[in-house]
Amino acid sequence: MKVQLVANLSANGQLILAAQANAYQAPQEISGMGFAKAIECGNVILGLTTYQMFAAMMKDVLDTLEVVVMNPEDIDADVYTAKSAEDAVAYLEGKGFANACVVGGTMTFNSFLGAGLADDLYFNLFPVVIHGGGVLETEADKAFEYTLADAKPFGDVATLHFVKK
């Protein structure tokens, strides 16, 4: 299975979290890229906080997708709750999906990076410097290399697509 991770980053490398929407408002075309990729894949993988933030406002979109929420405990009968990145991938593979789309949040991103399961990274790089964003990271002894596949400007935002070597 090909796993696509879509994240919004600030110029100082911090994740721009949905909870920070009051501090910085990303252009809708860019901030919606994660869900556009999810629609292409037919599924979306979210952390619990991200899911709770978007569940009501994006109900129509989420109803068309196979939704996986990363959380140690079951949360809802309408979505699959995955305990790990491997669990999420196995579930979606079992449902016949060839691609998976991870759109947030920090712990979910890091779960996929740490497990070495992120094949494609889509980063929207915004020209802002923020405080208190999330940090993408793996364990100290792990490093995964990616190569730049594409870079596109969108106004002041750069969309970077990296592919795992």
Side-chain angles (χ1 to χ4, degrees), residues 1-9 13 15-18 26 29-55 57-125 133-152 154 158-165:
M1 169 169 280
K2 185 177 187 177
V3 176
Q4 302 175 15
L5 188 147
V6 183
N8 294 329
L9 299 175
L15 285 166
I16 299 173
L17 306 173
E29 297 86 356
I30 294 296
S31 60
M33 181 185 170
F35 283 100
K37 285 279 178 206
I39 290 167
E40 288 175 20
C41 292
N43 62 70
V44 64
I45 302 169
L46 307 157
L48 178 61
T49 302
T50 306
Y51 171 71
Q52 289 172 331
M53 288 187 71
F54 288 114
M57 77 173 88
M58 299 204 59
K59 183 175 178 1
D60 292 343
V61 173
L62 292 175
D63 284 348
T64 67
L65 302 172
E66 186 70 35
V67 178
V68 176
V69 176
M70 301 282 294
N71 198 57
E73 298 175 16
D74 290 338
I75 61 151
D76 190 310
D78 294 338
V79 300
Y80 180 76
T81 306
K83 311 294 189 254
S84 66
E86 295 87 352
D87 180 18
V89 166
Y91 172 76
L92 291 172
E93 282 179 329
K95 290 282 198 170
F97 290 101
N99 298 301
C101 186
V102 182
V103 299
T106 305
M107 291 183 351
T108 300
F109 289 143
N110 288 336
S111 177
F112 279 86
L113 289 169
L117 293 173
D119 300 301
D120 286 273
L121 305 175
Y122 292 91
F123 293 143
N124 296 311
L125 185 60
V135 176
L136 295 176
E137 60 188 351
T138 64
E139 296 171 16
D141 62 341
K142 284 189 178 181
F144 298 103
E145 292 187 40
Y146 293 84
T147 186
L148 182 64
D150 192 29
K152 292 180 184 174
F154 185 87
T159 297
L160 309 174
H161 174 205
F162 294 93
V163 178
K164 189 188 249 184
K165 284 186 177 181

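Using a 4.5 Å heavy-atom threshold, the side chains of Val79 and Leu46 count as separate. Using a 4.5 Å heavy-atom threshold, the side chains of Cys101 and Val103 count as touching. Residues His161 and Thr159 are not in side-chain contact: their nearest non-hydrogen atoms beyond the backbone lie 4.5 Å or more apart. Two residues are said to be in side-chain contact when any heavy atoms from C-beta on lie closer than 4.5 Å; Leu65 and Asn43 fail this criterion. Side-chain atoms of Asn99 and Glu40, non-hydrogen and from C-beta on, never get closer than 4.5 Å to each other. Residues Leu15 and Leu9 are in side-chain contact: their nearest non-hydrogen atoms beyond the backbone lie under 4.5 Å apart. Looking only at side-chain heavy atoms (C-beta outward), Phe54 and Val61 stay at 4.5 Å or farther from each other. Under the 4.5 Å side-chain criterion, counting only non-hydrogen atoms from C-beta, Phe112 is in contact with Ile45.
One distance of note links CG of Leu136 with CG of Leu5; it measures 7.0 Å at 0.5 Å rounding. Here the straight-line distance linking atom OH of Tyr122 with atom CE of Met33 works out to 6.5 Å at 0.5 Å rounding. Note that CE of Met1 and CG of Leu117 are 10.5 Å apart. Values are rounded to the nearest 0.5 Å. Note that the CG atom of Leu48 and the CE atom of Met53 stand 12.0 Å from one another [nearest 0.5 Å]. Residue Gln52 holds its CD atom at 6.5 Å from CD1 of Ile75, rounded to the nearest 0.5 Å. Atom CG of Asn71 is separated from atom CG of Asp74 by 8.5 Å, given to the nearest 0.5 angstrom.
Judged purely by atom type and a 3.5 angstrom limit, Lys142 has no side-chain atom pairing as donor or acceptor with the backbone of Gly116.
Heavy atoms from other residues, nucleotides or ligands lying under 6.0 Å from CE of Met107 number 12 at most.
Each of Leu62, Asp78, Thr81 was compared with Val67 under the side chain to side chain contact (heavy atoms under 4.5 Å, CB included) criterion, and only Leu62 meets it.
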